[in-house]
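Heavy atoms only: backbone and side chains are in, while hydrogens, waters and symmetry mates are out.
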Amino acid sequence: MRLLFLGDVVGRAGRDAVAERLPGLIEHLDLDFVVVNGENASHGRGLIENHFLGLKNAGADIVTLGDHAFDQRDTITFIEREPSLLRPINFPPGTPGRGAMLAEGRRGHRVLVINAQGRVFMDPIDDPFRAVEAAVAACPLSEQADAIIVDFHTEATSEIQAMGHFLDGRVSLVVGTHTHIPTSDHRILRAGTALMADAGMCGDYDSIIGVDAEEPLGRFLTGIANARFTPAEGEATLCGVVVETDPATGLALRAEPLRVGGVLAQAIPEF
């Protein structure tokens with residue numbers, strides 16, 4: 001199977017880039033399944049229903065969230081009727097929505113997607129390791145799932161790497177989101193799980209993590225907030241990772257970063 005994961009979509013620039021480029025990437029790379037993190041897609045914080053549907057129409061099979069999951073209040077209601085929209089699995093009991101979904105890919109493959117949130121430099125939350133482990137145990141790789149993708153939304157790259165080693169040999173891909181900065185540590189661990197500490201964002205990189213630079217820069221210089229953060233609206237780069245899996249085991253055979261368009265653009269990997 002060929003899987004694509006795209007990092008945090010930020011604002012209109014990120015949404016437009018996904019709508020424009022994802023359908024062509026699905027065809028060019030012959031992708032079986034696409035996961036997109038959409039937690040910053042609406043005005044830089046959260047995800048409204050129309051923008052969720054836009055990501056789905058562009059080709060996302062599953063959309064994941066993170067710590068801004070419910071910054072847009074209508075998400076509380078529409079997430080309950082959208083099984084392909086995931087919030088972190090280790091949110092407290094009673095939180096609307098779900099944190100894992102077994103979905104069918106373009107060729108009938110079964111892909112389990114799990115969204116979790118970390119605890120290092122983040123708000124207090126339930127243990128992500130045990131929550132993810134329970135989801136994997138309930139739907140094991142190469143038995144009930146042909147591939148398993150874990151979107152681990154957290155600040156510390158060390159915590160993401162720990163999750164990768166914790167799940168090595170039991171999932172296809174562990175990928176980090178949240179920092180909006182793509183890392184260059186993509187690799188396949190010893191037991192066959194692909195790992196990338198942060199996929200980066202789908203947004204305007206001529207910015208400060210997707211936000212017009214003026215306001216955050218002013219806060220760094222003076223410590224004073226003068227306005228709300230505004231998503232940058234220049235040309236966006238799509239950032240993520242492409243993984244090819246072994247059809248027999250569901251483990252990774254190859255993992256390559258993807259950076260398309262904008263200031264970080266690279267050649268599209270050939271498979």
[X] and [Y]: side chain donor to acceptor below 3.5 Å:
X: Thr64; Y: Asp151; answer: yes
X: Gln72; Y: Ser42; answer: no
X: Asp198; Y: Thr183; answer: no
X: Glu155; Y: His178; answer: yes

Does [X] use its side chain to pair, donor to acceptor, with the backbone of [Y] at less than 3.5 Å?
X: Arg187; Y: Asp185; value: yes
X: Asp71; Y: Gly46; value: no
X: Asp168; Y: Thr193; value: yes
X: Thr75; Y: Leu47; value: yes
X: Arg130; Y: Asn90; value: no
X: Ser172; Y: Ile149; value: no
X: Arg228; Y: Glu215; value: no

Self-check item: Phe78 and Phe52 aromatic ring geometry - parallel, tilted or perpendicular at 30°/60° bounds
Solution: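 Rings of Phe52 and Phe78: tilted, as their planes differ by 30° to 60°.
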Please give me the minimum heavy-atom distance between [X] and [Y], naming the atom from each residue.
X: Ala255; Y: His186; answer: O-CD2, 3.5 Å
X: Glu159; Y: Phe129; answer: O-CZ, 4.1 Å
X: Arg259; Y: Leu264; answer: CB-O, 3.4 Å
X: Pro269; Y: Leu258; answer: CD-CD1, 3.7 Å
X: Arg87; Y: Asn115; answer: C-OD1, 3.4 Å
X: Ile89; Y: Ala135; answer: CD1-CB, 3.8 Å

Exercise. Apply the test side chain to side chain contact (heavy atoms under 4.5 Å, CB included) to residues Cys239 and Met201: give CA-CA distance (whole Å), side-chain angles for both, the deciding distance (0.1 Å), then the verdict.
Key: CA-CA 6 Å; Cys239 285; Met201 70 173 180; 5.9 Å; no
Exercise. Take Asp8 and Glu39, measure what side chain to side chain contact (heavy atoms under 4.5 Å, CB included) needs, and give me the verdict at the end.
Key: CA-CA 6 Å; Asp8 308 48; Glu39 76 133 11; 3.8 Å; yes
Let me confirm one number: the [atom1]-[atom2] distance from [X] to [Y], rounded to the nearest 0.5 Å.
X: Ile62; Y: Met101; atom1: CD1; atom2: CE; result: 5.5 Å
X: Ile224; Y: Phe220; atom1: CD1; atom2: CZ; result: 15.0 Å
X: Leu173; Y: Met196; atom1: CG; atom2: CE; result: 9.5 Å
X: His51; Y: Leu55; atom1: NE2; atom2: CG; result: 9.0 Å
X: Leu195; Y: Ile160; atom1: CG; atom2: CD1; result: 8.0 Å
X: Met122; Y: Ile125; atom1: CE; atom2: CD1; result: 7.5 Å

Would [X] end up clustered with [Y] when hydrophobic side chains under 4.5 Å apart are linked, directly or stepwise?
X: Leu31; Y: Val9; value: yes
X: Val175; Y: Val113; value: yes
X: Phe271; Y: Leu253; value: no
X: Val36; Y: Ile79; value: yes
X: Ile48; Y: Phe70; value: no

pair [X]-[Y]: side-chain heavy atoms closer than 4.5 Å:
X: Met1; Y: Asp146; answer: yes
X: Thr154; Y: Gln117; answer: no
X: Lys56; Y: Ser84; answer: yes
X: Ile209; Y: Thr179; answer: no
X: Val243; Y: Phe5; answer: no
X: Val18; Y: Leu238; answer: yes
X: His153; Y: Asn37; answer: yes
X: Leu4; Y: Phe33; answer: no

Quiz item: Can a cation-pi geometry be assigned to Arg219 and Phe229, taking NZ or CZ under 6.0 Å from the six-membered ring centre and within 45° of the ring axis?
Solution: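 So Arg219 does make the cation-pi contact.
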Exercise. Tell me, please, which residues at least two apart from Arg170 pass side-chain contact (heavy atoms from CB on, under 4.5 Å).
Key: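 Checked Arg170 against side-chain contact (heavy atoms from CB on, under 4.5 Å); matches are Glu133, Val136, Phe166, Leu167.
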Exercise. Could you go through the side chain to side chain contact (heavy atoms under 4.5 Å, CB included) check for Thr230 and Val211 one step at a time?
Key: CA-CA 6 Å; Thr230 303; Val211 174; 5.5 Å; no
Practice problem: State whether the number of non-hydrogen atoms from other residues, nucleotides or ligands found under 6.0 Å of Asp246 atom CG is greater than 12. | Solution: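 More than 12 heavy atoms, drawn from other residues, nucleotides or ligands, come within 6.0 Å of this atom.
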Quiz item: If you count the non-hydrogen atoms of other residues, nucleotides and ligands that lie under 6.0 Å from CD in Glu214, is the total more than 12?
Solution: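 Not more than 12 within 6.0 Å, no.
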Do [X] and [Y] sit within salt-bridge range, that is, some charged N less than 4.0 Å from a carboxylate O?
X: Asp126; Y: Arg119; result: no
X: Glu143; Y: Arg110; result: no
X: Asp30; Y: Arg107; result: yes

Self-check item: Evaluation steps, side chain to side chain contact (heavy atoms under 4.5 Å, CB included), between Ile26 and Arg106
Solution: CA-CA 10 Å; Ile26 291 171; Arg106 288 166 178 77; 3.3 Å; yes
Quiz item: Can you list the steps and then say if Arg21 with Glu235 is a salt bridge (charged side-chain N to carboxylate O under 4.0 Å, His left out)?
Solution: CA-CA 12 Å; Arg21 296 180 180 276; Glu235 183 184 2; 3.6 Å; yes
